[in-house]
Q: 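Below you will find the structure I want to go over with you.
Note: hydrogens, waters and symmetry copies are ignored here, and every other heavy atom, side chains too, is used.
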Amino acid sequence: MVLALDLQDFLLRARVLKLYRQALRTARRAPDQSRVELKQVIRQEMESNRECKDKQRIRFLISEGTERLKGLTEMLDMQGHC
């Protein structure tokens, strides 16, 4: 049973890291003047959540992060069309 919980924890953390990687990749598309600041905010958020042990909180972070990433992508897409 402990192994199953460790695997579940590992998979949740892998999803979080994948989400942060996607966010950093998306941030590359931001205008030069805001790109560095955006990447810094993403990295700070990742560091502040790194030690979280609460699986419910991790699931919430994944859900919230996914929505925020969608919003960032849409915003950058709109800027690209202007």
Q: Step through the shown structure and confirm whether more than 12 heavy atoms of other residues, nucleotides or ligands are within 6.0 Å of CD on Glu37.
A: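 No - once you tally the heavy atoms of other residues, nucleotides and ligands closer than 6.0 Å, there are 12 at most.
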Q: Can you tell me how far the OG1 atom of Thr26 sits from the CG atom of Leu76, to the nearest 0.5 Å?
A: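 CG of Leu76 is found 7.5 Å from OG1 of Thr26.
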Q: Report the residues that fulfil salt bridge (charged side-chain N to carboxylate O under 4.0 Å, His left out) with Arg59, sequence neighbours left out, ordered by chain and then residue number.
A: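 Listed in chain order: nothing, the list is empty.
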Q: Below 3.5 Å, can you tabulate the donor-acceptor pairs from side chains in residues 12-25 to any protein atom, sequence neighbours excluded?
A:
residue: Arg13; atom: NE; partner: Asp9; partner atom: OD1; Å: 3.3
residue: Arg13; atom: NE; partner: Asp9; partner atom: OD2; Å: 3.3
residue: Arg13; atom: NH1; partner: Arg50; partner atom: O; Å: 3.3
residue: Arg13; atom: NH1; partner: Cys52; partner atom: O; Å: 3.3
residue: Arg13; atom: NH2; partner: Cys52; partner atom: O; Å: 2.2
residue: Tyr20; atom: OH; partner: Asn49; partner atom: ND2; Å: 3.2

Q: Is it true that Ile42 and Met75 fall in one hydrophobic cluster, defined by side-chain heavy atoms closer than 4.5 Å?
A: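 In one cluster: yes.
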Q: Spell out, as yes or no, whether a donor-acceptor pair under 3.5 Å connects the side chain of Ser48 to the backbone of Glu45.
A: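 Indeed, once roles are kept as given, a pair shorter than 3.5 Å links the two residues.
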Q: Roughly how far, to the nearest 0.5 Å, is OG1 of Thr73 from CZ of Arg29?
A: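 Here the rounded value is 6.0 Å.
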Q: Could you pull out the closest heavy-atom pair between Arg35 and Ala27, with the gap in Å?
A: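 It is CG-O, 3.4 Å.
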